[in-house]
Number of protein chains: 2
Amino acid sequence: MSGEVGTSLKARLGAGRRLTGQRKVIADVVQASRDHPDASEIHRRAAAIDPRISLSTVYRTLKVFAEAGLIEQHSFGGPRARVERTPNRHHDHLIDTTTGRVIEFRSEEIERLQAEIARELGYELTGHTLELYGHPLRGKTARTSKS
Amino acid sequence: MSGEVGTSLKARLGAGRRLTGQRKVIADVVQASRDHPDASEIHRRAAAIDPRISLSTVYRTLKVFAEAGLIEQHSFGGPRARVERTPNRHHDHLIDTTTGRVIEFRSEEIERLQAEIARELGYELTGHTLELYGHPLRGKTARTSKS
DNA sequence: TCGTTATTGCAAATTATTGGCAATAAAAAG
DNA sequence: CTTTTTATTGCCAATAATTTGCAATAACGA
(Lines give C-alpha, C1' and ligand atoms only; values in the text may rest on other atoms or scores of the structure.)
Protein backbone atom coordinates (compact mmCIF):
# COMPACT_ATOMS: atom_id res chain seq x y z
CA MET A 1 0.00 0.00 0.00
CA SER A 2 2.19 2.87 1.19
CA GLY A 3 4.39 3.84 4.11
CA GLU A 4 7.87 2.60 4.95
CA VAL A 5 8.79 -0.18 2.58
CA GLY A 6 9.40 -3.43 4.38
CA THR A 7 6.83 -2.84 7.10
CA SER A 8 4.08 -5.44 7.04
CA LEU A 9 0.50 -4.47 6.36
CA LYS A 10 -0.39 -6.11 9.66
CA ALA A 11 2.03 -3.91 11.57
CA ARG A 12 0.77 -0.79 9.84
CA LEU A 13 -2.80 -1.51 10.89
CA GLY A 14 -1.79 -0.96 14.49
CA ALA A 15 -2.01 -2.94 17.72
CA GLY A 16 -5.10 -5.00 18.34
CA ARG A 17 -5.95 -4.99 14.64
CA ARG A 18 -6.28 -8.23 12.73
CA LEU A 19 -5.20 -8.86 9.19
CA THR A 20 -8.15 -10.78 7.83
CA GLY A 21 -8.59 -12.34 4.44
CA GLN A 22 -10.97 -9.60 3.34
CA ARG A 23 -8.61 -6.88 4.48
CA LYS A 24 -5.80 -8.40 2.46
CA VAL A 25 -7.98 -8.48 -0.63
CA ILE A 26 -9.22 -4.93 -0.14
CA ALA A 27 -5.66 -3.75 0.41
CA ASP A 28 -4.61 -5.45 -2.81
CA VAL A 29 -7.48 -3.89 -4.69
CA VAL A 30 -6.65 -0.41 -3.46
CA GLN A 31 -2.97 -1.03 -4.08
CA ALA A 32 -3.63 -2.09 -7.65
CA SER A 33 -6.00 0.78 -8.41
CA ARG A 34 -4.47 3.49 -10.51
CA ASP A 35 -7.74 5.38 -10.54
CA HIS A 36 -9.77 6.65 -7.57
CA PRO A 37 -12.54 4.10 -6.93
CA ASP A 38 -15.38 4.64 -4.49
CA ALA A 39 -16.57 2.10 -1.90
CA SER A 40 -18.94 0.20 -4.15
CA GLU A 41 -16.40 0.01 -6.95
CA ILE A 42 -13.84 -1.36 -4.50
CA HIS A 43 -16.45 -3.82 -3.33
CA ARG A 44 -17.06 -4.91 -6.90
CA ARG A 45 -13.35 -5.48 -7.52
CA ALA A 46 -12.81 -7.18 -4.17
CA ALA A 47 -15.82 -9.45 -4.55
CA ALA A 48 -14.48 -10.53 -7.93
CA ILE A 49 -11.43 -11.90 -6.11
CA ASP A 50 -13.27 -13.22 -3.06
CA PRO A 51 -17.09 -13.24 -3.12
CA ARG A 52 -17.18 -13.53 0.66
CA ILE A 53 -16.65 -9.81 1.04
CA SER A 54 -19.60 -7.59 1.89
CA LEU A 55 -20.05 -3.90 1.20
CA SER A 56 -20.23 -3.26 4.94
CA THR A 57 -16.82 -4.76 5.36
CA VAL A 58 -15.47 -2.58 2.60
CA TYR A 59 -16.77 0.52 4.38
CA ARG A 60 -15.43 -0.61 7.73
CA THR A 61 -12.09 -1.60 6.26
CA LEU A 62 -11.68 1.68 4.43
CA LYS A 63 -12.29 3.49 7.69
CA VAL A 64 -9.64 1.39 9.44
CA PHE A 65 -7.19 1.93 6.58
CA ALA A 66 -7.83 5.65 6.67
CA GLU A 67 -7.26 5.80 10.43
CA ALA A 68 -4.03 3.91 9.91
CA GLY A 69 -3.03 6.44 7.31
CA LEU A 70 -2.88 3.86 4.55
CA ILE A 71 -5.40 5.56 2.32
CA GLU A 72 -6.88 9.00 1.70
CA GLN A 73 -10.44 9.83 0.80
CA HIS A 74 -11.50 12.67 -1.50
CA SER A 75 -14.86 13.84 -2.75
CA PHE A 76 -14.03 15.31 -6.15
CA GLY A 77 -17.30 17.17 -6.04
CA GLY A 78 -19.48 14.06 -6.07
CA PRO A 79 -21.50 12.41 -3.31
CA ARG A 80 -19.35 9.32 -2.87
CA ALA A 81 -15.96 9.20 -1.16
CA ARG A 82 -13.22 8.32 -3.61
CA VAL A 83 -10.16 6.42 -2.44
CA GLU A 84 -6.45 6.35 -3.21
CA ARG A 85 -3.57 4.77 -1.35
CA THR A 86 -1.59 7.36 0.57
CA PRO A 87 1.05 8.43 -1.94
CA ASN A 88 4.73 8.57 -1.04
CA ARG A 89 4.75 12.14 -2.20
CA HIS A 90 1.64 14.16 -1.50
CA HIS A 91 -0.23 15.58 -4.46
CA ASP A 92 -3.50 17.35 -5.23
CA HIS A 93 -6.04 16.83 -7.98
CA LEU A 94 -7.52 18.57 -10.98
CA ILE A 95 -10.89 17.25 -12.10
CA ASP A 96 -11.80 17.50 -15.77
CA THR A 97 -15.41 18.62 -15.52
CA THR A 98 -16.17 17.41 -19.02
CA THR A 99 -15.13 13.81 -18.38
CA GLY A 100 -14.74 13.39 -14.65
CA ARG A 101 -11.13 12.41 -15.26
CA VAL A 102 -8.80 13.11 -12.36
CA ILE A 103 -5.30 14.42 -12.91
CA GLU A 104 -2.73 14.45 -10.14
CA PHE A 105 -0.32 17.31 -9.69
CA ARG A 106 2.07 18.60 -7.11
CA SER A 107 3.11 22.16 -6.33
CA GLU A 108 5.76 22.83 -3.74
CA GLU A 109 4.85 26.47 -4.04
CA ILE A 110 1.22 25.92 -3.06
CA GLU A 111 2.17 23.52 -0.28
CA ARG A 112 4.51 26.13 1.14
CA LEU A 113 1.98 28.93 0.84
CA GLN A 114 -0.71 26.94 2.63
CA ALA A 115 1.50 26.28 5.63
CA GLU A 116 2.57 29.90 5.65
CA ILE A 117 -0.99 31.20 5.53
CA ALA A 118 -2.06 28.91 8.34
CA ARG A 119 0.86 30.05 10.46
CA GLU A 120 0.05 33.69 9.82
CA LEU A 121 -3.49 33.05 11.02
CA GLY A 122 -2.12 31.47 14.17
CA TYR A 123 -2.56 27.84 13.18
CA GLU A 124 -0.44 24.81 12.55
CA LEU A 125 -1.53 23.20 9.31
CA THR A 126 -2.51 19.57 9.81
CA GLY A 127 -4.22 18.86 6.54
CA HIS A 128 -5.85 20.37 3.52
CA THR A 129 -8.16 19.78 0.60
CA LEU A 130 -7.30 21.25 -2.78
CA GLU A 131 -9.22 20.32 -5.87
CA LEU A 132 -9.16 22.25 -9.12
CA TYR A 133 -12.02 22.00 -11.60
CA GLY A 134 -11.67 22.88 -15.24
CA HIS A 135 -12.24 21.98 -18.85
CA PRO A 136 -9.64 21.27 -21.55
CA LEU A 137 -8.18 24.26 -23.36
CA ARG A 138 -9.19 24.26 -27.02
CA GLY A 139 -6.60 22.35 -28.99
CA LYS A 140 -4.46 21.24 -26.11
CA THR A 141 -4.61 17.70 -24.84
CA ALA A 142 -3.90 16.72 -21.29
CA ARG A 143 -0.83 14.56 -20.69
CA THR A 144 -1.67 12.57 -17.60
CA SER A 145 -5.06 10.98 -17.26
CA LYS A 146 -6.49 9.04 -14.40
CA SER A 147 -10.05 8.63 -13.28
CA MET B 1 -27.13 39.04 -0.82
CA SER B 2 -24.29 39.62 -3.29
CA GLY B 3 -23.68 40.63 -6.88
CA GLU B 4 -24.11 44.05 -8.44
CA VAL B 5 -25.50 46.44 -5.87
CA GLY B 6 -28.83 47.85 -6.94
CA THR B 7 -29.97 44.78 -8.80
CA SER B 8 -33.09 43.29 -7.27
CA LEU B 9 -33.08 39.84 -5.77
CA LYS B 10 -35.90 39.00 -8.14
CA ALA B 11 -33.83 39.94 -11.18
CA ARG B 12 -30.86 37.99 -9.92
CA LEU B 13 -32.92 34.84 -9.64
CA GLY B 14 -33.31 34.80 -13.38
CA ALA B 15 -36.21 34.72 -15.83
CA GLY B 16 -39.24 32.62 -14.95
CA ARG B 17 -38.24 32.57 -11.30
CA ARG B 18 -40.61 33.88 -8.63
CA LEU B 19 -39.65 35.83 -5.57
CA THR B 20 -41.79 34.16 -2.96
CA GLY B 21 -42.18 35.03 0.67
CA GLN B 22 -40.12 32.04 1.77
CA ARG B 23 -37.34 32.91 -0.66
CA LYS B 24 -37.18 36.43 0.71
CA VAL B 25 -36.90 35.11 4.24
CA ILE B 26 -34.26 32.54 3.31
CA ALA B 27 -32.31 35.19 1.43
CA ASP B 28 -32.45 37.44 4.49
CA VAL B 29 -31.29 34.62 6.73
CA VAL B 30 -28.34 33.81 4.50
CA GLN B 31 -27.58 37.49 4.10
CA ALA B 32 -27.54 38.01 7.83
CA SER B 33 -25.44 34.93 8.58
CA ARG B 34 -21.85 35.71 9.37
CA ASP B 35 -21.17 32.05 9.95
CA HIS B 36 -21.62 29.14 7.54
CA PRO B 37 -24.93 27.46 8.41
CA ASP B 38 -26.12 24.20 6.89
CA ALA B 39 -29.60 23.58 5.48
CA SER B 40 -31.28 22.60 8.73
CA GLU B 41 -29.76 25.54 10.58
CA ILE B 42 -31.02 27.87 7.87
CA HIS B 43 -34.40 26.21 8.18
CA ARG B 44 -34.36 26.78 11.92
CA ARG B 45 -33.55 30.47 11.51
CA ALA B 46 -36.01 30.96 8.66
CA ALA B 47 -38.81 29.16 10.47
CA ALA B 48 -38.25 31.45 13.44
CA ILE B 49 -39.18 34.35 11.16
CA ASP B 50 -41.92 32.59 9.23
CA PRO B 51 -43.06 29.16 10.44
CA ARG B 52 -44.61 28.44 7.07
CA ILE B 53 -41.24 27.44 5.64
CA SER B 54 -40.43 23.77 5.20
CA LEU B 55 -37.06 22.10 5.10
CA SER B 56 -37.76 20.93 1.56
CA THR B 57 -38.22 24.51 0.49
CA VAL B 58 -34.96 25.45 2.11
CA TYR B 59 -33.16 22.75 0.13
CA ARG B 60 -34.87 23.72 -3.10
CA THR B 61 -34.27 27.40 -2.52
CA LEU B 62 -30.62 26.90 -1.75
CA LYS B 63 -30.26 25.01 -5.01
CA VAL B 64 -31.92 27.85 -6.91
CA PHE B 65 -29.75 30.42 -5.16
CA ALA B 66 -26.65 28.41 -5.94
CA GLU B 67 -27.60 28.13 -9.62
CA ALA B 68 -28.15 31.87 -9.66
CA GLY B 69 -24.70 32.32 -8.19
CA LEU B 70 -26.06 33.99 -5.07
CA ILE B 71 -24.55 31.50 -2.65
CA GLU B 72 -21.72 29.00 -2.44
CA GLN B 73 -21.73 25.65 -0.71
CA HIS B 74 -18.75 24.09 1.05
CA SER B 75 -18.28 20.85 2.95
CA PHE B 76 -15.63 21.75 5.52
CA GLY B 77 -14.98 18.09 6.02
CA GLY B 78 -18.40 17.28 7.41
CA PRO B 79 -21.38 15.52 5.84
CA ARG B 80 -23.66 18.53 5.50
CA ALA B 81 -23.28 21.29 2.92
CA ARG B 82 -22.46 24.61 4.55
CA VAL B 83 -23.63 27.84 2.99
CA GLU B 84 -22.34 31.38 2.59
CA ARG B 85 -23.50 34.19 0.37
CA THR B 86 -21.21 34.62 -2.63
CA PRO B 87 -18.61 37.09 -1.40
CA ASN B 88 -17.67 40.16 -3.41
CA ARG B 89 -14.09 39.05 -3.21
CA HIS B 90 -13.46 35.35 -3.35
CA HIS B 91 -11.80 33.74 -0.37
CA ASP B 92 -10.94 30.31 0.97
CA HIS B 93 -11.28 28.78 4.43
CA LEU B 94 -9.21 27.45 7.27
CA ILE B 95 -11.06 25.15 9.67
CA ASP B 96 -9.93 25.04 13.28
CA THR B 97 -10.08 21.30 13.94
CA THR B 98 -10.28 21.82 17.68
CA THR B 99 -13.41 23.96 17.57
CA GLY B 100 -14.85 23.67 14.09
CA ARG B 101 -14.45 27.42 13.75
CA VAL B 102 -14.05 28.65 10.18
CA ILE B 103 -11.65 31.43 9.29
CA GLU B 104 -11.74 33.12 5.92
CA PHE B 105 -8.59 34.12 4.10
CA ARG B 106 -7.54 35.25 0.69
CA SER B 107 -4.28 34.66 -1.17
CA GLU B 108 -3.71 36.22 -4.55
CA GLU B 109 -0.62 34.09 -4.79
CA ILE B 110 -2.51 30.84 -4.43
CA GLU B 111 -5.27 31.98 -6.76
CA ARG B 112 -2.68 32.79 -9.39
CA LEU B 113 -0.83 29.50 -8.93
CA GLN B 114 -3.99 27.45 -9.27
CA ALA B 115 -4.87 29.01 -12.61
CA GLU B 116 -1.30 28.61 -13.76
CA ILE B 117 -1.14 24.95 -12.80
CA ALA B 118 -4.42 24.21 -14.56
CA ARG B 119 -3.19 25.95 -17.68
CA GLU B 120 0.06 24.00 -17.63
CA LEU B 121 -1.93 20.79 -17.47
CA GLY B 122 -3.97 21.89 -20.48
CA TYR B 123 -7.05 23.10 -18.64
CA GLU B 124 -8.94 26.27 -18.08
CA LEU B 125 -9.70 26.63 -14.39
CA THR B 126 -13.43 27.00 -13.76
CA GLY B 127 -13.53 26.47 -10.02
CA HIS B 128 -11.70 25.10 -7.04
CA THR B 129 -12.00 23.89 -3.49
CA LEU B 130 -9.35 24.85 -0.98
CA GLU B 131 -9.77 24.15 2.70
CA LEU B 132 -6.98 24.20 5.25
CA TYR B 133 -7.27 22.25 8.49
CA GLY B 134 -5.22 23.01 11.54
CA HIS B 135 -5.04 23.62 15.27
CA PRO B 136 -4.04 26.82 17.09
CA LEU B 137 -0.35 27.42 17.63
CA ARG B 138 0.50 27.26 21.35
CA GLY B 139 0.21 30.74 22.78
CA LYS B 140 -1.11 32.47 19.69
CA THR B 141 -4.75 33.39 19.38
CA ALA B 142 -6.54 33.64 16.11
CA ARG B 143 -7.78 37.07 15.08
CA THR B 144 -10.79 36.40 12.93
CA SER B 145 -13.33 33.83 14.03
CA LYS B 146 -16.39 32.67 12.28
CA SER B 147 -18.13 29.33 12.45
C1' DT C 1 -4.61 -26.43 20.12
C1' DC C 2 -7.53 -23.01 22.62
C1' DG C 3 -9.73 -19.16 24.20
C1' DT C 4 -10.43 -14.41 23.71
C1' DT C 5 -12.33 -10.96 21.14
C1' DA C 6 -11.74 -8.35 16.74
C1' DT C 7 -14.15 -8.83 12.54
C1' DT C 8 -17.72 -10.23 9.38
C1' DG C 9 -22.32 -10.77 6.97
C1' DC C 10 -26.87 -9.47 6.90
C1' DA C 11 -30.43 -6.62 7.63
C1' DA C 12 -32.24 -2.73 9.66
C1' DA C 13 -31.21 2.09 10.88
C1' DT C 14 -29.34 6.78 10.04
C1' DT C 15 -28.36 10.95 7.73
C1' DA C 16 -28.62 14.23 4.14
C1' DT C 17 -31.01 15.33 0.34
C1' DT C 18 -34.43 14.65 -3.44
C1' DG C 19 -38.94 13.80 -5.74
C1' DG C 20 -44.19 13.21 -6.41
C1' DC C 21 -48.39 15.46 -6.13
C1' DA C 22 -52.24 18.26 -5.07
C1' DA C 23 -52.84 22.88 -3.15
C1' DT C 24 -51.21 27.64 -3.25
C1' DA C 25 -49.75 31.99 -4.71
C1' DA C 26 -46.55 34.91 -7.77
C1' DA C 27 -46.79 37.67 -11.70
C1' DA C 28 -48.46 37.91 -16.40
C1' DA C 29 -52.58 38.92 -19.01
C1' DG C 30 -56.76 41.02 -19.81
C1' DC D 1 -58.48 44.90 -10.26
C1' DT D 2 -59.80 40.18 -11.69
C1' DT D 3 -58.51 36.18 -14.11
C1' DT D 4 -55.27 32.98 -15.79
C1' DT D 5 -51.12 30.56 -15.96
C1' DT D 6 -47.78 27.85 -13.88
C1' DA D 7 -43.73 28.24 -10.63
C1' DT D 8 -43.44 27.08 -5.92
C1' DT D 9 -44.72 25.02 -1.60
C1' DG D 10 -45.79 21.54 2.14
C1' DC D 11 -46.09 17.04 3.31
C1' DC D 12 -44.34 12.74 3.03
C1' DA D 13 -42.46 8.92 0.74
C1' DA D 14 -38.19 7.71 -1.75
C1' DT D 15 -33.21 7.73 -2.57
C1' DA D 16 -28.33 7.36 -1.82
C1' DA D 17 -24.39 6.77 0.89
C1' DT D 18 -22.83 5.15 4.89
C1' DT D 19 -23.31 3.23 9.62
C1' DT D 20 -24.72 0.05 13.18
C1' DG D 21 -26.73 -4.08 16.03
C1' DC D 22 -26.08 -8.70 16.67
C1' DA D 23 -25.03 -13.43 16.42
C1' DA D 24 -21.66 -16.23 13.99
C1' DT D 25 -16.84 -16.60 12.64
C1' DA D 26 -12.01 -16.48 12.46
C1' DA D 27 -7.34 -14.14 13.81
C1' DC D 28 -3.61 -14.90 16.58
C1' DG D 29 -1.26 -14.71 21.16
C1' DA D 30 -0.76 -17.92 24.99
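A quick note: this is a predicted structure, and the numbers were derived from the prediction, not measured.
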Could you tell me the separation between the [atom1] atom of [X] and the [atom2] atom of [N], rounded to a whole number of Å?
X	N	atom1	atom2	value
A:R23	D:dT25	CZ	P	19 Å
A:L9	D:dA27	CG	P	15 Å
A:K24	C:dT7	NZ	C1'	14 Å
A:R60	D:dG21	CZ	P	11 Å
B:E67	C:dT18	CD	P	11 Å
B:E41	C:dA16	CD	C1'	16 Å
A:I53	C:dT7	CD1	C1'	13 Å
A:Y59	D:dT20	OH	P	13 Å

Return the nearest nucleotide to the side chain of [X]; candidates are [options].
X	options	answer
B:R80	C:dC10, C:dT17, D:dT9	C:dT17
B:Q22	C:dA16, D:dT9, C:dA27	D:dT9
A:A81	C:dT8, D:dT18, C:dA27	D:dT18
B:K63	C:dG19, D:dT18, C:dA27	C:dG19

Keeping the roles fixed (side chain from [X], backbone from [Y]), state whether a donor-acceptor pair exists under 3.5 Å.
X	Y	answer
A:T97	A:Y133	no
B:T98	B:H135	no
A:S75	A:G78	no

With a 3.5 Å cut-off and heavy atoms only, can you find an N or O donor on one side and an acceptor on the other between the side chain of [X] and the base of [N]?
X	N	value
B:R18	D:dT6	yes
B:S40	C:dA16	no
A:S56	D:dT20	yes

Can you tell me which residue among A:H128, A:H74, A:R106 is in a side chain to side chain donor-acceptor pair (under 3.5 Å) with A:D92?
A:H128
Both B:P79 and B:R17 contact DNA chain C. Which one's nearest nucleotide lies toward the 5' end?
B:P79
Does B:L55 or A:L55 map to a spot on DNA chain C nearer the 5' end, using the closest nucleotide for each?
A:L55
Given side chain to side chain contact (heavy atoms under 4.5 Å, CB included), test B:H36 with B:E41 step by step and report yes or no.
CA-CA 9 Å; B:H36 300 79; B:E41 176 57 31; over 6 Å; no
Please classify the nucleic acid contact of B:G16 as base, sugar-phosphate, or nothing, using heavy-atom distances under 4.0 Å.
sugar-phosphate
Give a yes/no answer on whether the side chain of A:K10 brings an N or O atom under 4.0 Å of OP1 or OP2 in D:dA27.
no
Select from A:L19 and B:P51 the residue whose nearest nucleotide in DNA chain D is closer to the 5' end of that strand.
B:P51
